[in-house]
Asker: 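Quick one: structure below, then a few questions.
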Amino acid sequence: GQQADDDRALAELALRESDLERASEGGQVASARLAQLVQLDPTQLLSPQETAVTPLNLIPEGTVIQDLVAQGLSARPEIAENRFLIDEAIHRLRREQCAPLVPSVLLAASYGGMGGGLGGRFRDYGDRFDADVVAFWELRNFGFGDAASRREADSRVTQARFKELAALDRVAREIVEAHAQVQARRRQIATAQRGIEAAQTSYKRNLARIENTQGLPLEALQSIQALSQARRDYLRSVSDFNAAQFQLLHHIGGDGSALLQEKRDSDSKEMSP
């Protein structure tokens, strides 16, 4: 080949070696950050046991979106929090409604010594115990204050219910968005796989042409670059797919074990005679 082709190949090799160095740096940085999260020694390099990134099947592919939304609405903690807030607001409203009819009770008790007499002579000292019970009803501002308190409590109930509706809508929207991302990124993985197969075929054919003195070294170099880009796209698609599944698990408020068990049960029923 020509010297220019050799120089071009050396430049491409330098780029690949630079990519390896950046990947090694990223792995060490990620290891230190992970060690901080799990409270381990950051000087020890943490490396995955898997040799390649593979798609995870945390959510069964055939899961219906309505089932995911229903699980999220029943398992998310903020939904339960809003329900408790509504119950608390209703309890306060009932208390304000019954406030004018329920008396306020004061209890008092006193104990000590006491004596008395005529003039400056005090005698007949003894212990004394007094107990007082007072019950009274209060009408705040001739009843207008009680009515205002009831309206305020009723307004708090309405606000709590609106907050619950907003939380329900937000949870449903997050689940639908995450589910759409999972489905789209699953299709992206299949597309990236087809791109890798096409790039590998192109590389083999260009290499055969060069060996038969029918092609140029630049064609093989371009095939290598296309294959590298296709593999990068596949890696990014798999990583995004796994991240989307974890995000969907977070949005449905569970670990997905119930969905996986349901999927296994349905598969076993289909396989049984």
Asker: Which atom pair, heavy atoms only, marks the closest approach of A199 to L227?
Answerer: CB-CA, 3.5 Å
Asker: Can you name the residues that form a side chain to side chain contact (heavy atoms under 4.5 Å, CB included) with Q159, not counting sequence neighbours?
Answerer: S155
Asker: Under the 3.5 angstrom rule, does the side chain of S74 hit a backbone N or O of A70 as a donor-acceptor pair?
Answerer: yes
Asker: Within the supplied structure, the quantity of interest is the number of heavy atoms (other residues, nucleotides, ligands) at a distance under 6.0 Å from R140 CZ; does it exceed 12?
Answerer: yes
Asker: Any link between F246 and L68 through a network of hydrophobic side chains (Ile, Leu, Val, Met, Phe, Trp, Tyr) touching at under 4.5 Å?
Answerer: yes
Asker: Looking at R76 and E174, is there a salt bridge between them, counting it only when a charged N and a carboxylate O are closer than 4.0 Å?
Answerer: yes
Asker: Would you indicate whether the side-chain heavy atoms of I86 and R83 approach each other to under 4.5 Å?
Answerer: no
Asker: So, does S239 use its side chain to make a donor-acceptor pair with the main chain of L235 at under 3.5 Å?
Answerer: yes
Asker: Can you name the nearest heavy-atom pair linking W137 to P100, along with the distance?
Answerer: CD1-O, 3.4 Å
Asker: Taking atom CD of E81 and atom CD of E78, what is their separation to the nearest 0.5 Å?
Answerer: 8.0 Å
Asker: Would you give the length of the straight line joining atom CG of D87 to atom CG of N82, rounded to the nearest 0.5 angstrom?
Answerer: 11.0 Å
Asker: Is it possible for you to say whether L85 and V157 belong to one hydrophobic cluster, with membership spreading through side-chain heavy-atom contacts below 4.5 Å?
Answerer: no
Asker: Which distance, rounded to the nearest 0.5 Å, do you find between the OG of S18 and the CG of L13?
Answerer: 11.0 Å
Asker: Please walk me through it: do D132 and L107 pass side chain to side chain contact (heavy atoms under 4.5 Å, CB included)?
Answerer: CA-CA 6 Å; D132 300 318; L107 301 178; over 6 Å; no
Asker: For a quick test of reading the model, state the closest non-hydrogen atom pair linking D240 to R185 and the distance between them.
Answerer: O-NH1, 2.9 Å
Asker: Between the side chain of N242 and the main-chain N/O of P55, is any donor-acceptor distance below 3.5 Å?
Answerer: no
Asker: Which atom names give the shortest non-hydrogen contact between I175 and L248, and what distance separates them?
Answerer: O-CD1, 3.7 Å
Asker: Taking everything shown except R8 itself, do over 12 heavy atoms lie less than 6.0 Å from its CZ?
Answerer: yes
Asker: Treating S202 as the side-chain partner and A198 as the backbone partner, does any N or O pair qualify as donor plus acceptor under 3.5 Å?
Answerer: no
Asker: Using the rule given for side-chain hydrogen bond (donor to acceptor under 3.5 Å, both in side chains), can you reason through R16 versus S228, listing the C-alpha separation, both sets of side-chain angles and the distance that settles it, and then say yes or no?
Answerer: CA-CA 10 Å; R16 301 305 173 191; S228 174; 3.0 Å; yes
Asker: Going by atom types alone, do T201 and R205 pair a side-chain donor with an acceptor below 3.5 Å?
Answerer: no
Asker: Would E88 and R92 pass as an ion pair if we require N to O under 4.0 Å?
Answerer: yes
Asker: State the OG-CD1 distance between S237 and I189, to the nearest 0.5 angstrom.
Answerer: 6.5 Å
Asker: Might you point out which heavy atoms bring I79 and L168 nearest each other, and give the distance in Å?
Answerer: CD1-CD2, 3.6 Å
Asker: Give a yes or no on whether the backbone of T63 and the side-chain of D67 come within a donor-acceptor separation of less than 3.5 Å.
Answerer: no
Asker: Should R150 and D146 count as side-chain neighbours, where that means a heavy-atom distance under 4.5 Å?
Answerer: yes
Asker: Can we say R231 and D233 salt-bridge, meaning some charged N sits less than 4.0 Å from an Asp/Glu carboxylate O?
Answerer: no
Asker: Which side-chain N or O atoms in residues 32-47 pair as donor and acceptor under 3.5 Å with protein atoms at least two apart or in another chain?
Answerer:
| unit_1 | atom_1 | unit_2 | atom_2 | d |
| --- | --- | --- | --- | --- |
| D41 | OD1 | T43 | N | 3.2 |
| D41 | OD1 | T43 | OG1 | 2.9 |
| D41 | OD2 | T43 | OG1 | 2.6 |

Asker: Can V53 and Y234 be said to form a side chain to side chain contact (heavy atoms under 4.5 Å, CB included), step by step?
Answerer: CA-CA 10 Å; V53 179; Y234 174 77; over 6 Å; no
Asker: Could you tell me if the side chain of H251 sits less than 4.5 Å from the side chain of V171, heavy atoms only?
Answerer: no
Asker: Which atoms form the tightest heavy-atom contact between V182 and Q245, and what is the distance?
Answerer: CG2-N, 3.8 Å
Asker: Roughly how far apart are L221 CG and N206 CG, rounded to 0.5 Å?
Answerer: 10.5 Å
Asker: In chain order, what residues pass the side chain to side chain contact (heavy atoms under 4.5 Å, CB included) check against R173, with sequence neighbours excluded?
Answerer: R170, E177
Asker: Between V69 and V176, does a side chain to side chain contact (heavy atoms under 4.5 Å, CB included) hold up when you go through it step by step?
Answerer: CA-CA 8 Å; V69 173; V176 172; 4.3 Å; yes
Asker: Taking CZ in F241 as the centre, count heavy atoms belonging to other residues, nucleotides or ligands within less than 6.0 Å. Is the count above 12?
Answerer: yes
Asker: Let me confirm one number: the CG-CG distance from L15 to L10, rounded to the nearest 0.5 Å.
Answerer: 11.0 Å
Asker: Are R232 and D19 ion-paired here, with the side-chain N under 4.0 Å from a carboxylate O?
Answerer: yes
Asker: Using the side-chain hydrogen bond (donor to acceptor under 3.5 Å, both in side chains) rule, take T158 and R161 through it: C-alpha gap first, then chi angles, then the decisive distance, then the call.
Answerer: CA-CA 5 Å; T158 303; R161 287 175 176 171; 6.0 Å; no
